[in-house]
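Accompanying notes for the structure given below.
In what follows, chains carry the letters A, B, and so on, assigned in the order in which the sequence lines appear, proteins first and then strands, with residues in each chain numbered from 1. Side-chain atoms are counted along with the backbone in the values below, which use heavy atoms only and exclude waters and symmetry mates.
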There are 2 protein chains.
Amino acid sequence: MLETKTERVCGCAHDPATFAARVEQSCARDGVQLTPLRRRVLDIFSGSAGPLGAYAILEALSRREGKQVAPPTVYRTLDFLLEHGFVHKIESLNAYAPCEHLGHAHHGMLAVCDACGRSEEIEDEAVMRAIAATAAGSGFMPRTVMVEAKGLCRRCAEREAGATAHHRNPGVASSTSAPSGSRK
Amino acid sequence: MLETKTERVCGCAHDPATFAARVEQSCARDGVQLTPLRRRVLDIFSGSAGPLGAYAILEALSRREGKQVAPPTVYRTLDFLLEHGFVHKIESLNAYAPCEHLGHAHHGMLAVCDACGRSEEIEDEAVMRAIAATAAGSGFMPRTVMVEAKGLCRRCAEREAGATAHHRNPGVASSTSAPSGSRK
DNA sequence: CTCCGCACTGTTATAACATAACAGTCTGCC
DNA sequence: GGCAGACTGTTATGTTATAACAGTGCGGAG
Ligand SMILES: [Zn+2]
Ligand SMILES: [Zn+2]
Ligand SMILES: [Zn+2]
Ligand SMILES: [Zn+2]
């Protein structure tokens, strides 16, 4: 919610605040039906600093609508967004994150920060080629491939390095827990 | 349960039937405590043709013990096996599979067959190097990496190719559902 | 215009996956 | 004996996801 715009190699703007608007344009262009409900869920993603669990979305939605929303409503919306590649599921977190590379037929590697809970989607043509090659070598024909890494994002890694340099702090900065409805 | 021994590049025997015995040896060598309960769970893995969900293990265990077993019993056993690298969790399936590369400090890619439900663990030094490089390029410091592929294993791919060649069968061979407690 | 199908949403109930918290047992050590 | 630690049992509950069916609104065929 504090972070905006980070430049990447691919050159596209990943400003979370404009995520919903960009998806909206994409839908208009492709004749895909972006209903009010779906749009509200996109807004919720736009306003989040990290991946969201289905039930976190459910709560945000309930707050926004002023009345209780049921799980299938959320899961159906997520199905729609997943099918169209507007969001990705992070399996190791049971959470969902907005796609940061809308439009590219990217094959993304998801990197999740253990410290701040944010996720980022890294372009990785080389990784996917390596995986395809390895799979082919064993006779396996992949249809979908998922790569998820956990570790420290640049910001958190730098902050931690600084902390240890200053006062030899052994405790990990994990009091800064995940920003939104996911645990583990 | 029908399949035995498949030879791989790495040269180690992956016979599921001997999985429990091999883990047992490993524990004896390392002074790790392999209790009867843990051993029974290993046996259950040995007797399975594919990944097992926690509740599938629970049921198998309950049957074997003759009395109802509770979830924590299973999850604690799985924790033990995971910690020691004897089994892996397949996040995209919420299921667990025996390690096929006991002993190697492997970094495995898990390949799950959509048709027969089996999983295999493929060695992939190159993939892990590519991932590390990609991550480094974006400033991310990975601690753990997960690679999961879904598609067709060699056997199923061949069978399907044969089927389509013979009578132009459009229906996927998905009636041959997953072998054990997992869906999706 | 009417009827129908289709896409979307609402609602209730339940399935599937996972953990918290506390109690009991056994074993080895002081 | 008394105690600590590792393991297991037990009860209850939390979290994630889906099944099944009902209602609504809209556009096109007849
Ligand atoms: Zn993406
Ligand atoms: Zn971070
Ligand atoms: Zn392994
Ligand atoms: Zn197969």
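The aromatic rings of A:His84 and A:Phe86 lie parallel to each other, with less than 30° between the two planes, well short of the 60° mark.
If you take CD of B:Glu65 and P of D:dT8, they are 10 Å apart, rounded to a whole angstrom. Put simply, CD1 on A:Ile57 is 12 Å from C1' on D:dT16, counting in whole angstrom units. Note: CD (A:Glu59) to P (D:dT15) measures 9 Å, nearest angstrom. Atom CG of B:Leu34 is separated from atom C1' of D:dA6 by 14 Å (rounded to the nearest Å). Here D:dG9 presents its P atom at 6 Å from CG of B:Leu37, a figure rounded to the nearest Å. At whole-Å resolution of the value, CZ in A:Arg39 and P in C:dC8 are 17 Å apart. Remark: P of D:dC7 and CZ of B:Arg38 are 5 Å apart, rounded to the nearest angstrom. At whole-Å resolution of the value, CG in A:Asp79 and P in D:dT18 are 7 Å apart.
Within the structure, a side-chain polar atom (N or O) of A:Tyr75 is placed less than 4.0 Å from OP1 or OP2 of D:dA17. Between D:dA17 and A:Asn94, a contact under 4.0 Å exists linking OP1 or OP2 to a side-chain N or O. When the side-chain nitrogen and oxygen atoms of B:Gln33 are compared with OP1 and OP2 of D:dA6, none of them lie within a distance under 4.0 Å. Between D:dT8 and B:Thr73, no contact under 4.0 Å exists linking OP1 or OP2 to a side-chain N or O. Contact annotation: A:Thr35 does not reach the phosphate of C:dC8 (side-chain N/O to OP1 or OP2, under 4.0 Å). Taking 4.0 angstrom as the limit, B:Arg76 places none of its side-chain polar atoms (N or O) nearer than this to OP1 or OP2 of D:dG9.
In this structure, the side chains of B:Leu78 and B:Ile57 come closer than 4.5 Å at one or more pairs of heavy atoms.
Side-chain proximity of A:Lys67 to D:dC7, C:dG10, C:dA20: nearest is C:dG10. For A:Lys89, whose side chain is taken as the heavy atoms from C-beta onward, the closest listed nucleotide among D:dT11, D:dA17, C:dT9 is D:dA17.
For the pair A:Pro71 and A:Phe80, both in contact range of DNA chain C, the more 5′-proximal nearest nucleotide belongs to A:Phe80. Residues B:Tyr55 and B:Thr77 both approach DNA chain D. Their nearest nucleotides, taken by heavy-atom distance, put B:Thr77 toward the 5′ side.
Checking side-chain atoms of A:Asp15 against main-chain N and O of A:Ala17 turns up a donor-acceptor pair under 3.5 Å.
Backbone-only engagement by B:Tyr96 is indicated by non-hydrogen atom pairs under 4.0 Å involving sugar-phosphate atoms exclusively.
No option in A:Arg40, A:Arg39, A:Arg38 other than A:Arg39 meets the salt bridge (charged side-chain N to carboxylate O under 4.0 Å, His left out) test with A:Glu24.
Atom CE of B:Met146 has more than 12 neighbouring heavy atoms from other residues, nucleotides or ligands inside a 6.0 Å radius.
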